[in-house]
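Presented below is the structure to which this report refers.
So that the names make sense, note that chain A is the first sequence line, chain B the second, and so on, each numbered from 1.
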There are 2 protein chains.
Amino acid sequence: MKNPKPTRQRERHNVYRRVREKIIGLDFSPGSAISENELAAALGVSRTPVREAMLLLTEEGLVEVFAKIGTFVSRVDPEQVAEAQFLREAVELASLRSLSTPLDEEKVDRLRDNLRRQKETGEDIRSFFALDEEFHRGLMDLAGHESSWSTVSAAKSHLDRARMLGIRKIPELGRLTEEHHAIFDAAVSGDAATAERHLRSHLRLVFADVKAVEEDSPELFVRDRDAGPHRRSAFVWD
Amino acid sequence: MKNPKPTRQRERHNVYRRVREKIIGLDFSPGSAISENELAAALGVSRTPVREAMLLLTEEGLVEVFAKIGTFVSRVDPEQVAEAQFLREAVELASLRSLSTPLDEEKVDRLRDNLRRQKETGEDIRSFFALDEEFHRGLMDLAGHESSWSTVSAAKSHLDRARMLGIRKIPELGRLTEEHHAIFDAAVSGDAATAERHLRSHLRLVFADVKAVEEDSPELFVRDRDAGPHRRSAFVWD
DNA sequence: CACATGATTCTTGCATACAAGCCTTGCATG
DNA sequence: CATGCAAGGCTTGTATGCAAGAATCATGTG
């Protein structure tokens, strides 16, 4: 991938990346406030790159900005979670369906290696989460639809946070790895129908877990859609 | 500041909306330069809202910003067009598949009215384009997946520009309306399979038209992916 | 004429200053 | 003690200034 990327606007991208990690990783609690000034000071930059990062996160649905009131980490919206589920299922299944032989051996090897690392990963949820993400992207890359994965990935940030909660509750990461393996095996053996069945089942089980958590930690989810934010901040950096 | 603005905070959105329309409508030619300073002066605002609007357009893939070089309307990327086609087909078909009776009569009526207006629209390409967009969104709304449509819609900006070119070449808008009608009739009659078939055929015909145009106006498309941009500007506002 | 080279003029990225409005807090008052 | 109210602190939105670098143009040289 030798893309002549538009020049890396380093500060903005750094702020974006770091804050996004904190939000997805639930270090920044849904509903809490983020002050542009505090964040800028903590990161040693001015408000400009911070502000632009917030704009990107807003577009991604991870934060909500209210003029002259404040910026807040958005609560997990069950509606958005469900829509992301629908979107990813539609796209990932279509991608699997569009697989054509012969498969790119290098990409297959990467997936195989990924699965191996999944098994080695013990109880480290974050590592597993990253590997899971990489696996699904690799699966779409196999069909040449990696760029569509970016779209799906960006749209499913609410789903990801919910999954982060779900995975914490269900430490049987091995089950997920097994499902991944079943999908992979069917895909490389050319049995698209079976792969499709396994993938659908896998995605729906994940979704079921997510819904189970919603009742457990309701304070992290959207309650009243018209509820106004408060300035009370739970902001801490590191 | 010379003019006291009645409503603030909308500057960024205004800039974004206006520039986006110009780009999608091909009033800003793919490959041409956009100067933040010129744009700000032309719109009577400072660079800040302009800059932030450019950031959003960048995320949407409509412009490319090169630090210390310039901002350019992105050329239509056939790869992105193809990926958008894949994405929309996957999502729209899945949406149609997920239709469950009974259908919301109000939404059905809206679609019916939309089709009526499509017939009345003569050769006005922009009006038809807007109605086409509204039709497809309405179709997804029928299945309760309107918000997924937003994602698809945002991802298919390159496809849209290509279609804008394609439609100019093919004045038989009536054909498209007929296809829309076939999809709609099958959907409301509960024949999901037929609706799916019509929709797939419709989307692929549109895509075929797009590809036909690529050879006709190659200067608007990405040629050499490593080609550097030039500062030569074709910037005009109105 | 061809070509190298330095000055100039743009460009965007970041920092800073100002504007406008909401929220909180503290004080005065019944 | 409870409550109303005003002032100050904090918020984001916008404007502006500065810096670094890339492309371009003019100039000098072979």
Next item on the list: Determine whether any donor atom in the side chain of B:R47 lies under 3.5 Å from an acceptor atom in the base of C:dG13, or the reverse, and answer yes or no.
Entry: yes
Check: Think A:T71 has a side-chain N or O under 4.0 angstrom from the OP1 or OP2 of D:dT12?
Finding: yes
Next item on the list: Grab the CZ-P distance between B:F72 and D:dA22 for me, whole Å please.
Entry: 14 Å
Note to self: With salt bridge (Lys or Arg N to Asp or Glu O under 4.0 Å) as the rule and sequence neighbours excluded, what pairs involving residues 135-149 of chain B come up?
What the structure shows: B:K107-B:D141
Note to self: To the nearest 0.5 Å, what is the distance between CZ on B:R126 and CG on B:L26?
What the structure shows: 8.0 Å
Note to self: If I take atom CG in residue B:L56 and atom P in nucleotide D:dG13, what distance separates them, rounded to the nearest angstrom?
What the structure shows: 12 Å
Next item on the list: Whole angstrom is fine here: how far is it from CZ in B:R51 over to P in D:dA15?
Entry: 15 Å
Checklist line | Nearest-nucleotide comparison on DNA chain C, the residue closer to the 5′ end among B:E36 and A:G44 | finding: B:E36
Check: Rounded to whole angstroms, how far apart are CG on B:N14 and C1' on D:dG13?
Finding: 13 Å
Note to self: Counting only side-chain heavy atoms from C-beta out, which of C:dC14, C:dT12, D:dA22 sits nearest to B:A67?
What the structure shows: C:dT12
Next item on the list: Ignoring the backbone of B:E52, work out which of D:dT12, C:dG13, D:dT14 is nearest its side chain.
Entry: D:dT14
Note to self: Between P on D:dG13 and CD on A:E64, what's the gap in Å once rounded to a whole number?
What the structure shows: 13 Å
Checklist line | Distance (rounded to the nearest 0.5 Å) between A:E59 CD and B:E59 CD | finding: 8.0 Å
Item checked: Distance in angstrom units between A:I34 CD1 and D:dT12 C1', rounded -> 14 Å
Item checked: Integer-rounded Å distance: D:dA20 P and B:I69 CD1 -> 18 Å
Item checked: 5′-ward residue of the pair B:T48/B:N37 relative to DNA chain C -> B:N37
Note to self: For C:dT11 and B:S35 - does any side-chain N or O of the residue sit under 4.0 Å from the phosphate oxygens OP1/OP2?
What the structure shows: yes
Next item on the list: Decide side chain to side chain contact (heavy atoms under 4.5 Å, CB included) for A:Y16 and A:M54; before the verdict, give the C-alpha distance in whole Å, the side-chain angles of both, and the deciding distance to 0.1 Å.
Entry: CA-CA 7 Å; A:Y16 168 78; A:M54 290 302 133; over 6 Å; no
Next item on the list: Please report, rounded to the nearest Å, how far the P atom of D:dA15 is from the CZ atom of B:R12.
Entry: 13 Å
Notebook entry, point to check: With A:S153, which residues qualify under side chain to side chain donor-acceptor pair (under 3.5 Å), at least two apart?
Noted result: A:E133
